[in-house]
Amino acid sequence: MKYLQRIFETPKLFFWSIKHYYKSSPMMFVVTYILTITTSLFYLGYVKLQANLIDSFSHIQSGFEVIVFPLLVFLGYTFFTDTISYIENSFADRIGSSKTEKYFTELFLHHYSNLDIGRIEQADFQDLKTKVSDRGLWQMRRVPTKIALIIAQIITLFVGIGIISTINPLAALCVVIGTIPMFLVDISYTSANTKMWDDYTTERRIFWSERNAVESKRSIQELIVSNRVSKIIIKVFRYINDNYRREISLEKKYFIPNVLAIVVSTASIGIALLFIVYQAIHGNLTAGQIVFSMGVLYQIKTSVSTTMSNLASLKEVLPYIKYTKEFFEVKPSIEHSPSAIKINESTPVEIIFEAVSFMYPGQEKTVVHNISFILHPGEKFALVGLNGAGKSTLIKLLLRMYDPTAGRILINGIDLKNIDLVSWYEYLGVLLQDSSRYEFLSIKETVQLFAKQKISDHEIHSLLASIRAESIVDETEKGLDMLQSTEYGGKELSGGQFQKIALARILARNAKFIVLDEPTSSIDALSEEKIFETLHALSKDVTMLFISHRFTTIRNAERIIVLNEGTISEQGTHKELMKNKSLYAEMYTTQVLGK
């Protein structure tokens, strides 16, 4: 049953790829297939006209004019076919490939960007993505052309066999049989090669991460000053050498079978020629017919070998068509309600965590247990706790990167699952712990990227001044147009300066609810104080939830929740928590008072 399913699955995958190729460019699809089929028949016409020209030479005694017309026809046909072949092989093929690549790249990026974090973080999805981005998208360019070639060569094959069968059927049969071993070897080789790529998908992902660590400006600095570059290089070279040995081993394994297949194919041509020579000796063929027969035999051999080679190549490509199709069929792990309710940006929100528990997909340990609290509109609220206590996980749940495994999160009494996420994200201003630096953008472009409406240079300067970041642009000639890295011709910024720009882009959103995860971990104390003065001076309608390990910022929060091993151990104001003399007081006195 599984074997039959695989048989029926193959044409479905090919039709799927052809359908998308047609969508990428309907005109190029039609033109490419017509040209491919047409040009495949050119050689038969070429050898026929060549045969007529040779036969005309046998009547040269009748006058030179006997060969003039066949010669002009032959030369005209050659010019016409060469021109059409150029259009098909170069012009149309390049345009078609470019359009296909553009189409699938855009489709890939659009689909990937519409998935949720929960799905993207899964290891099996990352393996699938690697297969698609590594080879799948590239292979998809080849599929429509390969199928067109197979169709064209099959048509040419039947036409050639029909022609040669009228001269000598045994000759045609010999050529066809002689190509079968080569096809079987190709099928076996491509299966082994595809399996090798599949078996080492995870290792390739690790390899590229290791290689990127060496090539990345940020990580190479740390590796160099720690004298640890060689340790990563050794791991990179180990994979390269292992992969090289695997590929060489595969090529050696199939070297002798390929040579033997070529021997059989060549012998079949020799036997077929003997049949043709036999008829020629007995005077059944003219010189032109002999040339034509040899040309048709060659075309039959070429058609069969090309068809089988392309079929073998398609068999190699088939898994990647399947991976690509599966990738585009991946659905977000977060289900969106068709009747989702939009959040009004001008409406304050009350957030309730109601007995929320969560376990990451594929994990056995619950990260947060039975969490319940209320976040009131306009409240300045902090989450604290030891590393791994579940603080960032609660923010991920609030952003609906994941759904709780138990309990629910209510926004103004409505389950977050029933809230329109686009409107919810527009309501928020979020700065995550591992936020991107966008070094390839200027400071102005970075801030404007996150603003809900275009803001002036003066407004950006005011935002930077409000968090003691104006010196970043004042010290350079390019000012706000400065790129954020010397790698792109800009200025090298410190970690604290990057955090200030990140805060500026969040402030530019004018959001009613600001979520900050370790927003000032790299910022000096004076700047940090100025930043939180600015944040606390925001409108009373602005709600703020932040995570920080720096108690100088936490103690000014209106309410603090302390997490310990995924549960709420205590909550209250700074003064109330200090009186408890529990975990919060212990962390505070250790960090701030040095006790």
Side-chain angles (χ1 to χ4, degrees), residues 101 105 108-109 112-113 117 120-139 141 189-190 192-255 316 319-320 323-324 327 360 362-363 387-388 392 432-441 446 482-499 501-502 518 521-522:
E101 182 179 25
T105 301
F108 173 86
L109 293 174
Y112 183 73
S113 63
I117 299 298
I120 290 172
E121 287 186 343
Q122 292 178 4
D124 57 349
F125 172 78
Q126 284 299 321
D127 280 345
L128 178 62
K129 172 181 168 288
T130 298
K131 291 175 182 176
V132 174
S133 59
D134 197 7
R135 298 192 83 190
L137 295 180
W138 170 69
Q139 297 281 19
R141 296 178 58 181
Y189 172 84
T190 51
N193 189 44
T194 301
K195 185 177 185 301
M196 182 179 70
W197 275 83
D198 284 353
D199 291 345
Y200 293 94
T201 297
T202 302
E203 285 82 351
R204 282 201 313 280
R205 278 207 294 126
I206 295 172
F207 160 73
W208 281 110
S209 296
E210 292 168 344
R211 179 170 171 173
N212 289 336
V214 175
E215 295 180 0
S216 168
K217 182 186 65 176
R218 295 176 63 186
S219 58
I220 194 64
Q221 290 174 350
E222 184 177 27
L223 291 171
I224 287 174
V225 299
S226 303
N227 288 324
R228 291 298 180 267
V229 177
S230 60
K231 289 186 176 292
I232 299 294
I233 290 289
I234 288 171
K235 292 169 69 66
V236 170
F237 285 175
R238 184 183 298 129
Y239 174 85
I240 292 174
N241 290 330
D242 289 346
N243 190 61
Y244 171 76
R245 284 193 290 269
R246 287 192 293 267
E247 291 182 348
I248 292 299
S249 175
L250 186 66
E251 295 302 324
K252 287 181 178 179
K253 178 180 178 181
Y254 284 92
F255 178 76
E316 177 187 5
Y320 295 98
Y323 298 146
T324 305
F327 174 84
Y360 282 101
Q363 302 295 317
N387 291 332
S392 294
L432 298 177
Q433 188 173 1
D434 53 353
S435 61
S436 177
R437 295 188 170 191
Y438 302 100
E439 297 174 346
F440 50 87
L441 296 177
T446 304
M482 180 193 72
L483 296 177
Q484 303 168 75
S485 173
T486 54
E487 186 177 352
Y488 301 102
K491 177 184 175 182
E492 195 67 24
L493 301 183
S494 68
Q497 288 174 319
F498 271 117
Q499 281 195 326
I501 293 172
E518 295 290 354
S521 57
S522 300

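Not a single ring-ring contact (aromatic ring centres under 6.0 Å, His included) links Tyr112 to another residue, sequence neighbours left out.
Listed for the Ser249 side chain is no donor-acceptor partner under 3.5 Å among the backbone atoms of Arg245. Side chain of Asn243 to backbone of Tyr239: no donor-acceptor contact under 3.5 angstrom is found.
Scanning all heavy atoms of the two residues, the minimum distance from Met196 to Leu250 falls at CE-CD2, 4.4 Å. Here the closest non-hydrogen pair linking Val132 and Tyr323 is CG2-O, 3.6 Å. In plain terms, the two heavy atoms of Glu210 and Val236 that are nearest each other are CB-CG2, 3.8 Å.
One finds the NZ atom of Lys129 at 9.0 Å from the CD1 atom of Ile120 (value rounded to the nearest 0.5 Å). With rounding to the nearest 0.5 angstrom, the CD atom of Gln126 is 9.5 Å from the CG atom of Leu128. The structure places CZ of Phe125 at 9.5 Å from OG1 of Thr130, a figure rounded to the nearest 0.5 Å. Going from atom CZ of Arg246 over to atom CG of Asn241 covers 10.5 Å, rounded to the nearest 0.5 Å.
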Verdict with reasoning, Glu518 to Leu432, per side chain to side chain contact (heavy atoms under 4.5 Å, CB included): CA-CA 7 Å; Glu518 295 290 354; Leu432 298 177; over 6 Å; no

Steps toward side chain to side chain contact (heavy atoms under 4.5 Å, CB included) verdict (Glu251, Tyr189): CA-CA 9 Å; Glu251 295 302 324; Tyr189 172 84; 2.4 Å; yes

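Note: Phe108 and Phe327 meet the aromatic proximity criterion, with ring centroids under 6.0 Å apart.
Environment of OH in Tyr200: sparse, with no more than 12 heavy atoms of neighbouring residues, nucleotides or ligands closer than 6.0 Å.
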